[in-house]
Chemist: 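First the structure, which I've put down as structure tokens, then a few questions once you've had a look.
Every value quoted in this text rests on a predicted model; they were computed, and no experiment measured them. Every number for a ligand or one of its atoms is a count from 1 in the order of the listing.
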Amino acid sequence: MEDKLKSLLDTALQVISSSCSQEELDKIRVRFLGRKGELTQILRTMKDISPEERPRIGQMANEIRDRLETELTSQMNKIRHSLREKQLEKERLDVTLPGSTITIGHRHPLTLVLNQIISIFQRMGFDVVECPEVEYDYYNFEALNIPKHHPARDMQDSFYLTEEILLRTHTSPFQARTLEQLAPEVPVRVICPGRCYRRDPADATHSPMFYQTEVLVVDENISFANLKYTLLQFVREMFDEKRQIRLRPSFFPFTEPSAEVDISCLVCGGHGCNLCKGTGWLEVLGCGMVHPRVLEIAGYNPKKVSGFAVGMGPDRIAMLKYGIDDIRLFYENDLRFLHQF
Ligand code: DAH
């Protein structure tokens, strides 16, 4: 019996140490220590041995059970450990490898310029509003003193949706809308950035869709001097401190008097070069004193209040600022172009 126990121990130790999975160990436990296992089978024959021998054999059997339990547990730990090692090896991470770079987007050049225009005027106390891109003929033309069949309409051929509704050709309808809404309240100090549309063929300086930003001030005692000062401040913040401005008489039906504004050339500073075509000046925007008729239509009394309006093209400003010679580049979404800003 003693031999049987010894050989059971030997066999068990051997199979335990060569086992390599949890399931295998479970089977081994059942095979040797289970209720119908080999150890139990041997102990069943205890009745055949002499009573004096029984305690010794009994003790031996207990020791074997304990030993096998310990071995099973330690083998189990070994297996778990090695599984974990394998897993870790598989998931090995070299933190010293260079990471994959995340490409961060950036703003479109027109957005940069629009944001800059907005922030300059906000600092001067202006509010910012947005107006519809699909507009009534009334606000786009009529309320701006451009009646039907007025020749000034010819310069702004539009995309008409119906007889009375069109894609706005400029941001100026914002003047009519804002004044109509606020009349007779003063002061009015608002700007309106946004997209405009014209039936223009696309070329280096024209695009059927483009941006404008409109500036509007109405208050008591607003004079041309206020307009000129505001423009000079704007131009110097937008471009640089050295910029001079020049106002040339012009015509817009909704302003009187009207002017076109040039800045001293960004390349030659005024001596004359290719960019300014030898004139020393670059045209940047249109402006004027709000026409009394426009004030009246909106519900203001032009004898009590006056104002000025400015209309500028952020596309043109961006082209001058960044030295871009083709407006179409802004709308082609060519990353080789966009990455440069
Ligand atoms: N709306 C004019 C255009 O698109 C630009 C303009 C000129 C706007 C003079 C103004 C202004 O507010 O005062 O041609």
Chemist: Do His150 and Phe141 have side chains that approach each other closer than 4.5 Å (heavy atoms only, starting at C-beta)?
Modeler: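 Answer no - side chains too far apart.
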
Chemist: Is it true that the side chains of Tyr138 and Glu164 contain a donor and an acceptor less than 3.5 Å apart?
Modeler: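 No, because no side-chain N or O of Tyr138 sits under 3.5 Å from a partner of the opposite role on Glu164.
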
Chemist: Do Ile263 and Leu266 touch side chain to side chain, with heavy atoms closer than 4.5 Å?
Modeler: yes

Chemist: Check whether any side-chain heavy atom of Glu332 sits under 4.5 Å from a side-chain heavy atom of Phe337, and report yes or no.
Modeler: no

Chemist: Any side-chain donor paired with an acceptor under 3.5 Å for Ser264 and Arg243?
Modeler: yes

Chemist: Residues around ligand 1, heavy atom under 4.0 Å from any ligand atom, sorted by chain and number. Can you pull those?
Modeler: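 Around ligand 1, where the cutoff is 4.0 Å for heavy atoms, the contacting residues are Gln156, His170, Ser172, Gln175, Arg198, Gln212, Glu214, Phe252, Phe254, Thr255, Gly286, Cys287, Gly288, Ala309, Val310, Gly311.
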
Chemist: Are Tyr300 and Leu182 close enough that some pair of their side-chain heavy atoms sits under 4.5 Å apart?
Modeler: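 Heavy-atom side-chain distance check passes, below 4.5 Å.
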
